[in-house]
Amino acid sequence: KAGVTQTPRYLIKTRGQQVTLSCSPISGHRSVSWYQQTPGQGLQFLFEYFSETQRNKGNFPGRFSGRQFSNSRSEMNVSTLELGDSALYLCASSPRGLAGAATDTQYFGPGTRLTVL
Amino acid sequence: GIQVEQSPPDLILQEGANSTLRCNFSDSVNNLQWFHQNPWGQLINLFYIPSGTKQNGRLSATTVATERYSLLYISSSQTTDSGVYFCAVDSDSGYALNFGKGTSLLVTP
């Protein structure tokens with residue numbers, strides 16, 4: 001099975017712009033989560049989607065949003081970019097919620113490295 | 001939220017040495033995973049281990065849920081083991097992993 005894929009891998013934006021990141025989960029997985037990694041704050045949970053519904057959201061401002069499509073692909077959007085949004089954004093998928101799923105293991109993609117200038 | 005503490009923060013080993021990384025957490029957990037982050041940033045899943053012991057080659061992990069800690073053992077370390085090791089837990093089935101700050105491991109030839 002192919003792993004979690006994220007596009008683009010690298011992105012450079014300027015303050016005030018908006019950005020959309022994409023994540024394709026492992027085939028069959030319906031749960032997709034997003035995380036932000038920065039040197040100062042470490043890895044922090046952004047939100048989780050299951051079957052197109054957001055089930056949980058981390059402590060981030062409303063400028064961070066996401067959605068999930070019927071094929072389980074997910075996008076996250078950051079509007080009005082700030083310098084502090086420069087980070088590695090990681091997407092993970094999980095078989096949780098699937099009948100017969102043995103674990104809630106989360107599998108991560110390679111990430112999108114966003115630089116805000 | 002649940003607190004996750006990893007120790008040591010940094011570790012330098014010579015090739016062939018063994019090491020133990022520790023993860024303490026402040027509440028009962030439904031999910032505990034160990035990851036290795038490679039130099040390109042990808043988190044590689046090592047173990048899903050909310051309780052018990054598992055082994056995979058030179059790596060093994062033990063979680064004692066009642067005492068709220070987990071240990072990752074690396075035996076006969078290789079330079080390719082270098083990187084940052086993260087412990088992450090999910091305590092309330094909110095589908096949100098809480099990560100520790102990681103242990104940065106450098107294995108020298």
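Throughout, protein chains are lettered first and strands after them, A, B, ... in sequence-line order, and every chain is numbered starting at 1.
B:N45 has its side chain out of reach of A:F108: every pair of non-hydrogen atoms, C-beta onward, lies at least 4.5 Å apart. You'll find the side chain of B:N98 stays beyond 4.5 Å of the side chain of A:L43, heavy atoms only. With contacts defined as side-chain heavy-atom distances shorter than 4.5 Å, the pair B:W40/A:R113 does not qualify.
For a residue to count as touching a neighbouring chain, one of its non-hydrogen atoms must lie under 4.5 Å from one of that chain's; by this rule A:L88 touches chain B with the side chain only. Neither the backbone nor the side chain of A:Q6 comes within contact range of chain B; no heavy atoms are under 4.5 Å apart. For B:F47, no part sits under 4.5 Å from any heavy atom of chain A, backbone or side chain. For A:T105, the parts lying near chain B are the backbone and the side chain together; criterion is any non-hydrogen pair under 4.5 Å.
Ring centroid separation for the pair A:Y35 and B:F99 comes in under the 6.0 Å cut-off.
Once rounded to the nearest 0.5 Å, the distance linking CG of B:D90 with CG of A:N56 reads 8.5 Å.
Atom NZ of A:K13 sits in a crowded spot, with more than 12 heavy atoms from other residues, nucleotides or ligands closer than 6.0 Å. With a 6.0 Å radius and a threshold of 12 heavy atoms from other residues, nucleotides or ligands, B:I12 has its CD1 atom at or below the threshold. No more than 12 heavy-atom neighbours from other residues, nucleotides or ligands sit within 6.0 angstrom of CZ on A:R15. Enclosure of atom CD in B:Q55 by more than 12 non-hydrogen atoms of other residues, nucleotides or ligands within 6.0 angstrom is indicated.
Cluster membership for A:F50 and A:V4, using ILVMFWY side-chain heavy atoms within less than 4.5 angstrom, is not shared. In the hydrophobic clustering of ILVMFWY residues, with side-chain heavy atoms under 4.5 Å counting as a link, A:L11 and A:L81 come out together. Hydrophobic clustering places B:L97 together with B:L43 (ILVMFWY residues linked when any side-chain heavy atoms are closer than 4.5 Å, directly or through intermediates).
Between the side chain of B:Q33 and the backbone N or O of A:Q106 there is at least one donor-acceptor pair closer than 3.5 Å.
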